[in-house]
Amino acid sequence: RRPIERIVRSVQRATRLLRDLLDVGAIEEGHLAIERRRLDPTVLILSALESQQSLAADASVITATDLSPELPPIDADEERLLEVLENLIGNAIKFTASGGTITVGACRENDDIKIWVEDNGSGIPVQHLPHIFDRFWQAKRADRRGTGLGLTICKGIVQAHEGRIWAESSEGKGTKVSFTLPAEASPDSRHQAQKVANI
């Protein structure tokens, strides 16, 4: 049984690497497929957090939310944004010690929704921050649990949604990765824009 399990894990890693390489290629060529529809960001965030609960429980990490009430909807690709959130939450769990806390939050900032994942884990040295979205870069070279492409893909997905992504960190105190997405215009705003266009 164990040899079969090792083979299955190897196949899964190879499949994940191939998928990630294809996504990176599409991002670099500007051809990443985005299928937009109207989404509730709160529901999206809670869904991503729920999908990572077993991983957090195994690591004895506490998860929390800091969500502003009545967030406006977004026009976005659900599967792609779940991929971003699950990657960021998974990374936070990986680098947070047992008993630590991860908070996923969201708020309105002008015409954008700002979403963040914050932990009180090991943090990232300041000299490494400019490189965390580079291909194949990993915070700990000895840690090969991922492909080193996750944050590169996250950046590409966010940019494909006309958003931006960045990280803040203090070594030994934790890391906060934030990204923005355009909020869907309210009916009044769309009506006003249409009136201006007609003029």
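- From Ser122, atom OG reaches atom NZ of Lys173 across 14.0 Å, with rounding to the nearest 0.5 Å.
- Glu168 has its side chain out of reach of Thr175: every pair of non-hydrogen atoms, C-beta onward, lies at least 4.5 Å apart.
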Exercise for the section: Please test Lys155 against Thr152 for side chain to side chain contact (heavy atoms under 4.5 Å, CB included), starting from the C-alpha separation and ending with a verdict. Expected result: CA-CA 5 Å; Lys155 181 179 179 180; Thr152 303; 5.9 Å; no
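- Using a 4.0 Å cut-off between charged nitrogen and carboxylate oxygen, Arg36 and Glu79 do not count as a salt-bridge pair.
- Of all heavy-atom pairs between Gly105 and Ile45, the closest is O-CD1, 4.5 Å.
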Problem - Intermediate values then yes/no, side chain to side chain contact (heavy atoms under 4.5 Å, CB included), Ile102 and Ile62 - result: CA-CA 6 Å; Ile102 293 167; Ile62 301 164; over 6 Å; no
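- Using modelled atom types, one side-chain atom of Ser169 and one backbone atom of Ile124 make a donor-acceptor pair closer than 3.5 Å.
- Closest heavy-atom contact between Trp116 and Ser178: CB-OG, 3.4 Å.
- Thr103 places no side-chain N or O within 3.5 Å of a backbone atom of Glu118 that could act as its donor or acceptor partner.
- Minimum interatomic distance between Ile165 and Cys154 (heavy atoms only, all atoms of both residues): CD1-CB, 4.2 Å.
- The minimum heavy-atom distance between Gly90 and Leu55, with the atom names listed, is CA-CD2, 4.3 Å.
- Although no hydrogens or angles enter the test, the distance criterion places a donor-acceptor pair under 3.5 Å between the side chain of Thr96 and the main chain of Ala92.
- By the side-chain hydrogen bond (donor to acceptor under 3.5 Å, both in side chains) test, Glu86 is found to be paired with Ser51, residues two or more places apart in sequence or in another chain being considered.
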Exercise for the section: List the steps and the verdict of side chain to side chain contact (heavy atoms under 4.5 Å, CB included) for Trp166 and Val158. Expected result: CA-CA 11 Å; Trp166 68 97; Val158 170; over 6 Å; no
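- Listed here is the closest heavy atom pair of Ile157 and Glu83: CD1-OE1, 3.8 Å.
- Closest non-hydrogen pair, Ala183 versus Pro72, comes out as CB-CG, 3.9 Å.
- Partner of Asn87 under the side chain to side chain contact (heavy atoms under 4.5 Å, CB included) criterion, out of Val117, Leu82, Leu151: Leu151 alone.
- With sequence neighbours left out, Arg108 forms a side-chain hydrogen bond (donor to acceptor under 3.5 Å, both in side chains) with no residue at all.
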Practice task
Might you work through the side chain to side chain contact (heavy atoms under 4.5 Å, CB included) test for Leu88 and Ile115, ending with a clear yes or no?
Solution key: CA-CA 11 Å; Leu88 297 182; Ile115 300 173; over 6 Å; no
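- With rounding to the nearest 0.5 angstrom, the CG atom of Leu39 is 7.0 Å from the CG atom of Leu81.
- Checking side-chain atoms of Asn120 against main-chain N and O of Thr101 turns up a donor-acceptor pair under 3.5 Å.
- Listed by first and then second residue, the side chain to side chain donor-acceptor pair (under 3.5 Å) pairs that reach into residues 61-71 are Gln53-Thr63, sequence neighbours excluded.
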